[in-house]
Structure formats: C-alpha cells, structure tokens
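Every heavy atom of this structure was used, including side-chain atoms; hydrogens, water molecules and symmetry mates were not.
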Amino acid sequence: MSKSLPLIIGAFDGLHYGHQKLFNTVNGKFNVLLIANSPKKVNKSLFLISDRQSILKQCFNEINKVYVYDLRTQSKNSNKFIQYIKNINPKCVVVGNNWRFGKNRMCTHADLQKYFNVSVVAIDKKYSISKVKELIANGDVDRANKLLISKYYARGVVVHGKHLGAKLGYKTANIILDNNLILPCAGCYCSFTQINNRLLPSATFVNGNLIETHIFAFDKNIYGKTIKVYLDKYIQANTKAKDFADLQKIIKNKINKIKNSLSLK
C-alpha cells in the first residue's frame, strides 16, 4: 500500500502561533486528525468542532482533509486509536511535544513511533489555548487575539429577543452561545460582525451566553441568519440602570465609547 500524505494531530481548539511550527514541518498537501471532546479537557471549548474544521481550512490551504476522532463516540483505547491512524495510512505523523493519547493519556509520541515515522515539535510554552481561554473569560480579548492565528469569535443564529435595543434606539442582533463553549467576560466590547462575507464594525454586549450586537450603519433583517461576532476590545462592565431613561443614557455612553475606540463618527 502506498503512503498517503503527512498527518498532523491535535485538538486545535483555536489556532495559536505555537501551532504554526507543526504545520511548518510539512511541505505541500497534508491531512489533519482533529481530536474532539477529550475527557481530560475539563474547561469548556473556544470553538465547536465545525468551527475548528473551518478555521483550519481557512488558515492552511494545503489541507487535503480533516479527520475527526470524537472521544465521546469513538474508542479511548490506544490500540484502536493507532489502528484508526493506520487506516489513514500517513506518510508521517506530526505531533506537539506535550501531546498524549489513550486511556488516562498514558501514551506519548514514543508509543506512536513504534508504528509510524513521527515528527515531534516543541511548542513554545507562551502559546497555550488554556491561556487564551483564561484571557477571554477575563475580558482580555486583545491579548488573546495576539496569540491566535485566527481571531476569537462567537458564532450563532440571530434570534428574537425582547427588542429592548430597538426601544433604546440601538437595534441588536442576538445570538446564544452553545452551552459547551467558554463564555467571554460579561460587559461591552468593540467588535466586528461578519454577515455573509461582510465584516462590519459593531458594539457587542455580553451577558452570560447571550451576545447582543449593535451593527453600525446596518438596518437589514437578519433573523435566522448565522453571524460571527469578533470581539476586538473590552470597554467596560455591564451597568445596572435605575430606570429606562437611565438605561438609555448608559447605552448611549457605551456606544459612543465604542465608536470612539473604532474611530467612527
């Protein structure tokens, strides 16, 4: 049987610049084996599996195919996992130096080397998805995005809310984050919202898993459409209002701060 393409293995819950070294080890086309839902990944994810696949393909044109090994539905047995890789028939396997697999993550790249030609890449410790998650949960999206090849975003289908934004004079597109995803720090943000292929400046308000986004100079009906909201900069925490008039004043001030930050009039 002839060898196929190199295979790069990882969870890739967001792509940080440390991952770049993995992809730089191969020339030409390659495949990726995406590990999903590891029981040892106690924190919630940055991205759903579909987003991870999309981000990989957007960042690396050389990807031939992304395989998904889901540990919720596929065996955690190391022998079964190795057989899965054998079925892909890789030319070589590329993993990070801290990569583990099998029950209780007892197996390392040394176990893979019994069966495959393996390249082990040392990942700089300053790059870490755990660190990125921590920064986003604390509202420091600016620093988090500097670590990422592809910036953090929240994605969802626009749903109807209480239409309070429209009553305040600032219509919002509302999405609900999946329960398996990490929640950005509550508060208001400078943001950019992607609708189809357009990226528009916006003001985003985060409250739990509810993301409310006011898109500047935009007044189209997008209910039922999927949008991506790229959080760019944390502005301030949510503020409790005394009454409707006070809320109107608070929102106006926040919108103006965001406009100033984005250099908009």
N/O donor-acceptor pair under 3.5 Å between [X] side chain and [Y] backbone:
X    : Y    : result
Q248 : F244 : no
H109 : L112 : no
N31  : K65  : yes
D70  : R72  : yes
S119 : C92  : no
H214 : K171 : yes
N180 : S45  : no
N145 : Y152 : yes
D13  : L46  : yes
K133 : K44  : yes

Please give the remaining members of the hydrophobic cluster of I250, linking ILVMFWY side chains under 4.5 Å, ordered by chain and number.
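Taking Ile, Leu, Val, Met, Phe, Trp and Tyr as members, I250 stands alone, with no cluster partners.
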Between [X] and [Y], which heavy-atom pair has the shortest distance, and what is it?
X    : Y    : value
A144 : I136 : CB-CG1, 3.8 Å
V141 : Y234 : CG2-N, 4.0 Å
Q236 : K257 : OE1-NZ, 2.8 Å
C188 : K254 : SG-CD, 3.8 Å

Whether the [X] and [Y] side chains hold a donor-acceptor pair (N or O, under 3.5 Å, no angle test) is what I'd like checked.
X    : Y    : value
S191 : S202 : yes
T213 : T204 : yes
Q83  : N87  : yes

Going from [atom1] on [X] to [atom2] on [Y], what distance comes out if it is rounded to the nearest 0.5 angstrom?
X    : Y    : atom1 : atom2 : result
K91  : K29  : NZ    : NZ    : 14.5 Å
N260 : I255 : CG    : CD1   : 11.5 Å
L148 : H19  : CG    : NE2   : 9.5 Å

In terms of relative ring orientation, are Y84 and Y69 parallel, tilted or perpendicular, with 30° and 60° separating the classes?
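Plane angle over 60°, so perpendicular.
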Step by step, would you call F47 with F12 a ring pair (Phe, Tyr, Trp, His ring centres under 6.0 Å)?
CA-CA 9 Å; F47 296 106; F12 303 122; over 10 Å; no
Side chain to side chain contact (heavy atoms under 4.5 Å, CB included) assessment of F101 paired with I82:
CA-CA 10 Å; F101 72 101; I82 286 168; 4.1 Å; yes
Verdict with supporting geometry, F30 and F23, ring pair (Phe, Tyr, Trp, His ring centres under 6.0 Å):
CA-CA 9 Å; F30 59 88; F23 298 96; 5.6 Å; yes
Side chain to side chain contact (heavy atoms under 4.5 Å, CB included), that's the test. Do Y115 and K86 meet it? Break it down for me.
CA-CA 8 Å; Y115 306 94; K86 284 182 177 179; 3.7 Å; yes
Using 4.0 Å as the upper bound for N to carboxylate O, is an ion pair formed by R143 and D140?
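Yes.
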Salt-bridge contact K21-D124 (side-chain N to carboxylate O under 4.0 Å):
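Salt bridge: no.
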I want to check a possible cation-pi pair here: K151 against Y230, using under 6.0 Å from ring centre and within 45° of the ring axis as the test.
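Not satisfied by the 6.0 Å and 45° rule.
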Derivation and outcome, side chain to side chain contact (heavy atoms under 4.5 Å, CB included), residues F205 and N207
CA-CA 7 Å; F205 303 87; N207 188 10; over 6 Å; no
Within a 6.0 Å radius of atom NZ on K252, are there more than 12 heavy atoms belonging to other residues, nucleotides or ligands?
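Atom NZ in K252 is not crowded, with 12 or fewer foreign heavy atoms closer than 6.0 Å.
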Just checking K228: does its NZ atom have more than 12 heavy atoms from other residues, nucleotides or ligands closer to it than 6.0 angstrom?
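Yes, because the 6.0 Å sphere around NZ of K228 holds more than 12 heavy atoms from other groups.
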So do Y170 and I251 actually touch side chain to side chain, heavy atoms under 4.5 Å?
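A side-chain contact under 4.5 Å exists here.
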